[in-house]
Each structure stands twice: as C-alpha cells, then as structure tokens.
Amino acid sequence: MSVRIIFIGTSHGVPEPNRRCSSTLIEVGEKRYFIDMGTQSIEELISRGMPVDSVKGVFVTHMHGDHTNGLISFIDLCTWYFKTADPLIMLPEINAVEVINSWLSATGSGPRTLRYEETKEGVCYDDGTLRVTAFRTKHNRCSYAYIVEAEGKAVMFSGDLAGPSKDFPETAVKTRLDLMVCEAAHFSALEYEPVFRSSDVGKVIINHYAPWNVPNIMKLAENLKDVVPVRMATDGLEIVL
Ligand SMILES: [Zn+2]
C-alpha cells in the first residue's frame, strides 16, 4: 500500500489568490489523516468523493488560525451530519475544546462530542496504520513538528519554526526520512541548506511559504540539486511514497 500526501492548503499565514491556508491530507489505503486544518478541508474531501468517516485523525501543529480555521466546520459537520465519523483531534492546547463546544452550543449543533486529546511530545498516536510522533518547537508557546510513519515510510511535517538553525527537530535530522515538509514563512529558506545537507532525506517539499521567499527557495533547490530534490508545494500537489 502506498502513502499519498495531498497538499490542500499551502499558503503562509494568510491566503494567497491561488493558495489556501495550511492543511495537508495523508492517505493510507482507505484511511485519511490531516496535518492542520487552516482551510475548509471538509469541502475538499467532499469534492474529491472521499468519505468524511475515512478521516481517523487530525494533528494540529499549533493553534494559530492559519492552521485551525477549518476545524470548526469539520467538527460541526461531524457532530450533526456525518455521524459515523469518529476522528481523534489532537490539539496542542486542549482548552480550545471548551471554545469549540461553546461555539457548537451557540449554533445549536447536536450534542455529539468528538474525541480530543492534547498533543504531548513523543508518540502521540498509533492506530496500527499510522504512527505519529510529536516534537516540541519554538514557534509559539505550544507548537509541534510531527513525524508520521506508515507502510515503512516516514515523513516529517515541520509545522512553523523559529528558524532552522535553532529550532529543527534533532531526531528528524538523525532519522532516515522519505520526505520533509518544511515551512518558509518566517525566515529565509536558504537557512535550511546546512540542515538538509546533514539530513538523510529522500526529498524536501517547501510548504507554507511567503511570496518573498520564492527566490530563496529556488536558490536553495539549485544549491542542493546534487544532494536532495527540493520543490515548492502548491495547492493540489500530490506526492505518492
Ligand atoms: Zn502558520
């Protein structure tokens, strides 16, 4: 079975005309998982004919709106309409559940409560298909990178970082990874060069990048062309591992 990664939203903190905010879908067989839901990911699922109850987990890197603004619509629709859906939603800040439940109560949505857990460092999820390990980062008071493993493949999602030199998960550099998905909204993408040179990684996708960083990403790809393929994500990009 292959692991398919679909980039639903690849923009930085705000939407761009052709890029939505952060959301990435991981598909393993008939099971689906999300890293972040900063856009209306449920609409994308339905447009693609993917059953909503095939979503088994949503892993939020941090609570900023560009990573969470699509969660309410997903949760709301799972609560009263897609009642067979039973995803585990992992939130770095569990107090958000009170806010979610208050919002649902105000909208008059049904009483069904979904499953929530607070993200902690270490292995935070394993359903026998996908294993997820969380690494604390310094982007904000409670932010995480994730390494996901399935079917013998391993992928790191950086979430947002304080910077590659001071805030890149050491384990990710030391582990053989098939893919790294790294942000480039908060520092020059060229700062990644030494990290990628010392990593054992099959390919790199730069995601969540600001337009000003595009020339830096292109330069990074050029500098590393003999080391590792580096490319930019755009909405709809699919990678099969
Ligand atoms: Zn962000």
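Whatever order the structure lists them in is the order used to number ligands and atoms, beginning at 1.
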Tell me if the CH2 atom of W212 is crowded by more than 12 foreign heavy atoms within 6.0 Å.
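Yes, enclosed.
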
Distance below 2.8 Å from the Zn ion (ligand 1): protein N/O/S atoms:
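As for protein N, O or S atoms lying under 2.8 Å from the Zn ion (ligand 1), they are D66 OD2, H67 NE2, D160 OD2, H208 NE2.
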
Under a 4.0 Å threshold between the charged nitrogen and the carboxylate oxygen, would [Y] count as salt-bridged to [X]?
X    : Y    : answer
E222 : K219 : no
E193 : K225 : no
R19  : D235 : no

Under 6.0 Å from the ring centre and within 45 degrees of the ring axis: does the NZ or CZ of R131 meet both conditions for the six-membered ring of Y125?
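Relative to the ring axis of Y125, which defines the angle, R131 lies outside at least one limit.
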
Any side-chain heavy-atom pair from I5 and V155 closer than 4.5 angstrom?
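Touching, per the 4.5 Å side-chain cut-off.
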
